[in-house]
Amino acid sequence: MTDTIIGIMGAMPQEINGIIPLIQSPLETTIGRRTYTHGTINGIRVVLVFSRWGKVAAAATTATLINEFKVSRILFMGVAGGIAPELNIGDVVVADRLIQHDIDARPIMEEFQIPLLGKKFLDADATYRDKAAKAISQLILRTPAEGYNPKVIVGDIASGDRFFATSADKQNLLAKLPTIQCVEMEGAAVAQVCFEHDIPLTVIRIISDTADEESPADFLHFIETVASTFSSKIIEALFLAE
């Protein structure tokens with residue numbers, strides 16, 4: 001067994017339920033109304049937790065993983081709304097950089113700039129980013145998701161406390177941040193906490209909808225029918241690659 005402890009986070013129960021059976025000798029600890037399941041996967045120590053929705057919830061969970069469980073790095077798994085026009089439901093985005101699209105302290109500082117850090121984008125860990133992209137690409141070739149023909153993209157992800165459900169909102173975001181691949185509600189907040197504590201971060205998002213008028217129905221269908229199974233397969237692939 002290695003000294004590495006990997007914190008695995010998901011923003012919804014459906015995103016982590018399929019991972020729990022992969023954990024050997026699981027033990028549960030409850031802190032701040034969250035259940036942290038710790039044990040091992042493939043001989044590597046892990047702590048798995050449902051972070052709850054939104055930036056505040058995700059940041060609080062991240063701080064607990066770092067301070068209470070002494071994790072070595074963090075992996076965030078979940079779904080997202082596709083922003084880039086080439087993305088389809090079922091595609092996977094591995095974060096290169098993350099940005100909070102709802103930070104706006106103008107005219108004190110530039111839009112999207114994080115106060116005191118002087119940064120807009122925060123980098124995911126490059127080594128684990130590339131390993132994850134390779135492992136997931138190989139997984140898709142071996143066992144494609146039923147009903148989908150997914151591809152893997154490494155790119156920028158935007159986070160904010162809102163659900164995108166109109167084409168106009170999507171186009172407005174792309175006009176300001178043209179490199180964004182998808183939107184979600186937690187990743188960049190986790191990235192900020194990890195940056196401040198020097199913890200490597202990997203964020204993997206499966207596209208559940210295309211952030212438009214069809215998003216509510218597409219999101220709910222994908223969560224219930226695909227997300228949990230797909231997440232567990234990705235975790236298996238990543239830990240076999242360790």
Side-chain angles (χ1 to χ4, degrees), residues 1-54 57-80 90 92-95 128 131-132 135-136 138-140 142-146 148 150 184-187 189-190 193-194 199-208 219-242:
M1 185 180 298
T2 70
D3 293 331
T4 298
I5 305 175
I6 302 176
I8 304 174
M9 300 173 62
M12 298 182 66
Q14 294 93 331
E15 295 166 352
I16 67 166
N17 286 345
I19 301 171
I20 294 174
L22 302 178
I23 300 177
Q24 292 93 44
S25 303
L27 296 172
E28 292 185 351
T29 302
T30 300
I31 301 174
R33 301 187 181 186
R34 291 157 176 76
T35 299
Y36 296 80
T37 303
H38 36 113
T40 63
I41 299 177
N42 195 32
I44 300 168
R45 288 190 289 173
V46 300
V47 185
L48 174 69
V49 60
F50 159 44
S51 70
R52 302 189 178 201
W53 283 18
T61 308
T62 304
T64 300
L65 285 171
I66 294 169
N67 294 319
E68 297 292 333
F69 294 96
K70 311 302 181 186
V71 298
S72 310
R73 56 187 174 97
I74 288 177
L75 167 63
F76 199 110
M77 290 281 300
V79 297
V92 180
V93 179
V94 180
Y128 296 117
K131 285 183 177 179
I136 297 167
Q138 292 173 343
L139 167 67
I140 288 171
R142 292 195 306 270
T143 55
E146 185 176 351
Y148 299 94
E184 34 90 310
M185 299 176 70
E186 297 85 20
V190 176
V193 179
C194 286
I199 298 293
L201 171 67
T202 307
V203 177
I204 299 169
R205 291 289 185 170
I206 307 165
I207 301 303
S208 61
F219 170 79
L220 293 172
H221 174 75
F222 192 87
I223 283 291
E224 295 299 333
T225 60
V226 180
S228 182
T229 301
F230 208 180
S231 294
S232 64
K233 287 181 178 178
I234 288 174
I235 289 294
E236 284 185 294
L238 294 181
F239 278 78
L240 286 173
E242 287 288 333

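Along the sequence shown, the residues carry numbers beginning at 1. Remember, it's a predicted structure, so these values are computed and weren't measured experimentally.
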Minimum-distance pair of heavy atoms, taken over all atoms of [X] and [Y]:
X: Ser72; Y: Pro200; answer: O-CD, 3.3 Å
X: Pro26; Y: Thr37; answer: CB-CG2, 3.8 Å
X: Ser232; Y: Leu22; answer: O-CD1, 3.7 Å
X: Val193; Y: Ala59; answer: CG2-CB, 3.9 Å
X: Ala57; Y: Ser51; answer: CB-O, 3.5 Å
X: Ile74; Y: Cys194; answer: CD1-SG, 3.8 Å

Could you grab the distance from atom [atom1] of [X] to atom [atom2] of [Y], nearest 0.5 Å is fine?
X: Gln24; Y: Asn42; atom1: CD; atom2: CG; result: 7.5 Å
X: Asp3; Y: Arg45; atom1: CG; atom2: CZ; result: 6.0 Å
X: Ser231; Y: Gln14; atom1: OG; atom2: CD; result: 10.0 Å
X: Lys70; Y: Ile5; atom1: NZ; atom2: CD1; result: 10.0 Å
X: Ile136; Y: Phe230; atom1: CD1; atom2: CZ; result: 8.0 Å
X: Leu27; Y: His38; atom1: CG; atom2: NE2; result: 5.5 Å

Is there side-chain contact between [X] and [Y], with heavy atoms separated by less than 4.5 Å?
X: Ile235; Y: Ile41; result: yes
X: Leu201; Y: Thr62; result: no
X: Ile8; Y: Phe239; result: yes
X: Ile204; Y: Val93; result: no
X: Glu186; Y: Met9; result: no

Next item on the list: State which residues pass ring-ring contact (aromatic ring centres under 6.0 Å, His included) with Tyr36; sequence neighbours excluded, sorted by chain then number.
Entry: Phe69

Next item on the list: May I ask you to decide if Gly39's main-chain N or O and Ser25's side chain share a donor-acceptor pair within less than 3.5 Å?
Entry: no

Margin query: Taking Ile199's backbone N and O only, do any of them form a donor-acceptor pair with Arg73's side chain (distance below 3.5 Å, no angle check)?
Written below: no

Check: Without hydrogens or angle criteria, can the side chains of Arg34 and Thr64 be said to hold a donor-acceptor pair below 3.5 Å?
Finding: no

Next item on the list: Output all residues satisfying side-chain contact (heavy atoms from CB on, under 4.5 Å) with Ile20, sequence neighbours left out; order by chain, then residue number.
Entry: Asn17, Leu48

